[in-house]
Colleague: 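First the structure, then my questions, so here it is.
What you are looking at is a predicted structure, and each value in this text was computed from that prediction instead of being measured.
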Amino acid sequence: MAESNFVDYVKIYCRSGKGGRGSMHLRHVKYQPNGGPDGGDGGHGGSIYLRGNHNYWTLLHLKFQRHVFAEHGGNGGRDKCHGKDGKDIYIDVPCGTVVYNAETGKYVCDVTYDGQEVLLLKGGRGGLGNFQFRSATNQTPRFAQPGEPMEEMTIILELKLLADVGLVGLPNAGKSTLLSALSSARPKIANYPFTTLEPSLGIVDYRDHKSFVMADIPGIIEGASEGKGLGLRFLRHIERNSLLLFMVPGDTDDIKKEYEVLLNELRQFNPDMLDKHRVLAVTKCDLLDDELMDMLRETLPDDLPVVFISSVSQLGLAELKDVLWRELNSESNKLQDIVAEDTIVHRDKDMSKFAAELAAEGEDEIEFIDEDDIEDLDDFEYEEDEDD
């Protein structure tokens with residue numbers, strides 16, 4: 001993963017701008033010795049926004065941007081001069097990015113569509129100058145407001161790929177081979193476990209110029225929820241999928257048991273994933289004859305569609321696409337997607353496993369940088385203009 005350009009996890013320290021302080025100034029010029037208060041307001045500090053951008057596919061552009069600072073607001077001046085407002089910062093992220101607080105693990109926000117803007121940290125408001133506090137009973141106020149302080153937060157950005165079908169299977173189950181057979185995607189394929197080290201997306205063509213998106217993730221093994229193999233950190237890429245395609249090789253000793261192992265690992269990661277529609281594909285069936293496939297079909301679960309396929313010989317691929325399209329467009333699946341969009345609940349991160357997760361992602365602790373804020377010794381100043 002260190003040499004890959006696919007980055008789906010970054011940690012950034014963000015800080016909004018503080019508001020500028022108001023000016024305490026009394027106008028005193030030639031021919032107008034008692035001009036009254038004319039201190040201006042301070043400027044607002046810059047805010048930090050997250051913005052969805054469909055031109056980005058990963059978080060690579062943020063991997064080395066460890067600090068994001070918004071501009072501070074300028075201080076108010078005499079003659080009712082308003083301080084300069086701090087410039088807002090927009091952080092462009094790919095669609096499907098979820099944000100968490102790195103210190104508490106709490107869910108912060110979710111960016112799901114292009115152009116969506118989410119306020120992450122609000123800049124401080126500028127303080128009012130003494131001109132704003134003038135009244136009939138206090139015609140020369142000698143006080144002004146300081147600006148509001150800045151906000152800061154260390155955030156975790158996680159990318160969750162948006163796809164229709166997610167592939168779930170043990171290493172060497174034929175997931176990458178199937179993706180390359182059904183789409184134009186060319187993931188790495190080899191005869192050893194954990195060939196796929198990063199998720200891949202492919203667009204599968206269907207009849208009448210229709211299509212759907214399929215996501216391939218690295219294989220998971222029994223005990224992945226405890227950190228074995230590559231763990232479960234890639235399963236977040238299929239959390240948004242409408243349909244899960246479980247893939248088990250046909251030469252497995254017990255296909256049903258292996259399917260139960262995969263199902264249990266998903267349950268350990270997120271129990272809500274079991275509510276998704278599921279399809280079971282028995283792969284590498286070019287090694288089996290019809291009689292053996294009929295015998296295996298009787299031992300498989302009855303509560304989900306089962307398709308026997310072979311990506312090499314193209315056996316059953318047309319039937320598989322028909323089944324996937326039918327399940328994706330079934331009324332129960334559409335209703336489930338509508339309910340999920342309205343009532344989606346993001347789980348907070350488990351901070352007990354946070355250190356191990358950072359180590360697995362290759363993230364180091366961020367060194368916090370505090371800028372030296374130069375303040376005047378006197379918060380409120382009394383100035384007199386020179387006589388002309």
Side-chain angles (χ1 to χ4, degrees), residues 1-14 50-66 68 91-102 105 107-114 116 118 120 154-169 171 175-176 179 185-188 194-203 213-220 224-225 227 229-241 244 265-266 269-270 273 344 346-350 353-366:
M1 288 298 294
E3 301 178 356
S4 173
N5 287 333
F6 183 84
V7 178
D8 59 352
Y9 187 103
V10 295
K11 183 180 178 183
I12 300 177
Y13 171 69
C14 300
L50 293 174
R51 180 170 56 191
N53 190 335
H54 67 277
N55 294 318
Y56 288 103
W57 291 91
T58 71
L59 298 172
L60 178 64
H61 61 292
L62 299 175
K63 182 174 179 60
F64 302 104
Q65 186 177 357
R66 309 305 294 272
V68 177
I91 303 176
D92 288 328
V93 296
C95 301
T97 301
V98 183
V99 183
Y100 299 93
N101 188 321
Y107 163 77
V108 177
C109 63
D110 187 8
V111 182
T112 56
Y113 59 88
D114 181 57
Q116 179 184 1
V118 179
L120 182 63
T154 303
I155 61 173
I156 296 172
L157 300 177
E158 283 189 355
L159 174 62
K160 298 181 180 181
L161 295 180
L162 302 177
D164 299 310
V165 180
L167 303 182
V168 182
K175 302 185 297 298
S176 299
L179 184 65
R186 292 295 175 263
K188 183 179 180 181
F194 299 112
T195 306
T196 302
L197 296 178
E198 61 187 41
S200 302
L201 286 178
I203 300 178
V213 181
M214 181 176 290
D216 173 29
I217 65 171
I220 58 177
S225 57
L230 294 179
L232 299 177
R233 63 181 183 273
F234 291 108
L235 281 179
R236 61 173 173 264
H237 293 294
I238 60 174
E239 279 188 303
R240 301 180 187 271
N241 300 163
L244 299 181
E265 295 301 328
L266 263 63
F269 177 75
N270 186 357
M273 295 182 68
I344 184 170
H346 293 274
R347 300 175 299 122
D348 296 335
K349 297 188 70 64
D350 186 2
K353 301 179 180 179
F354 181 61
E357 183 176 343
L358 285 179
E361 297 290 346
E363 291 287 336
D364 299 326
E365 290 297 329
I366 293 179

Colleague: May I ask you to test the L179-S200 pair for a side-chain heavy-atom distance under 4.5 Å?
Modeller: yes
Colleague: Can you confirm whether L167 sits close enough to L244 that some side-chain heavy atom of one is under 4.5 Å from a side-chain heavy atom of the other?
Modeller: no
Colleague: Report the relative orientation of the aromatic rings in Y107 and Y100; use parallel for angles under 30°, tilted for 30 to 60°, perpendicular for over 60°.
Modeller: perpendicular
Colleague: Does D164 have any side chain to side chain donor-acceptor pair (under 3.5 Å) partners at least two apart in sequence or in another chain, and if so, which?
Modeller: none
Colleague: Please name all residues satisfying side chain to side chain contact (heavy atoms under 4.5 Å, CB included) with A163, sequence neighbours left out, ordered by chain then number.
Modeller: L201, V213, A215, N241
Colleague: Taking the side chain as C-beta and beyond, is there a heavy-atom pair between L59 and T97 under 4.5 Å?
Modeller: yes
Colleague: Do I155 and N101 have side chains that approach each other closer than 4.5 Å (heavy atoms only, starting at C-beta)?
Modeller: no
Colleague: Quick check: does any side chain N or O of H61 sit under 3.5 Å from a backbone N or O of Y56, one acting as donor and the other as acceptor?
Modeller: no
Colleague: What are the two closest non-hydrogen atoms of N55 and N53, and how far apart are they?
Modeller: N-OD1, 2.9 Å
Colleague: Measuring only between side-chain heavy atoms, which start at C-beta, is E158 closer than 4.5 Å to D8?
Modeller: no
Colleague: Show the numbers, then the answer: is there a side chain to side chain contact (heavy atoms under 4.5 Å, CB included) between I220 and L266?
Modeller: CA-CA 10 Å; I220 58 177; L266 263 63; 4.0 Å; yes
Colleague: Which pair of heavy atoms, one from Q65 and one from I12, lies closest together, and at what distance?
Modeller: O-CG1, 3.6 Å
Colleague: Enter the distance from L50:CG to C109:SG here, rounded to the nearest 0.5 Å.
Modeller: 5.0 Å
Colleague: Taking atom types as modelled and ignoring hydrogens, do the side chains of S176 and D216 form a donor-acceptor contact shorter than 3.5 angstrom?
Modeller: yes
Colleague: Suppose we screen for side chain to side chain donor-acceptor pair (under 3.5 Å). Which residues come up paired with T112, at least two apart in sequence or across chains?
Modeller: Q116
Colleague: For D114, what residues pass the salt bridge (charged side-chain N to carboxylate O under 4.0 Å, His left out) criterion, not counting sequence neighbours?
Modeller: none
Colleague: Supply the atom-to-atom distance I91 CD1 to L120 CG, rounded to the nearest 0.5 angstrom.
Modeller: 6.5 Å
Colleague: When rounded to the nearest 0.5 angstrom, what distance separates NZ in K11 from CD1 in I156?
Modeller: 6.5 Å
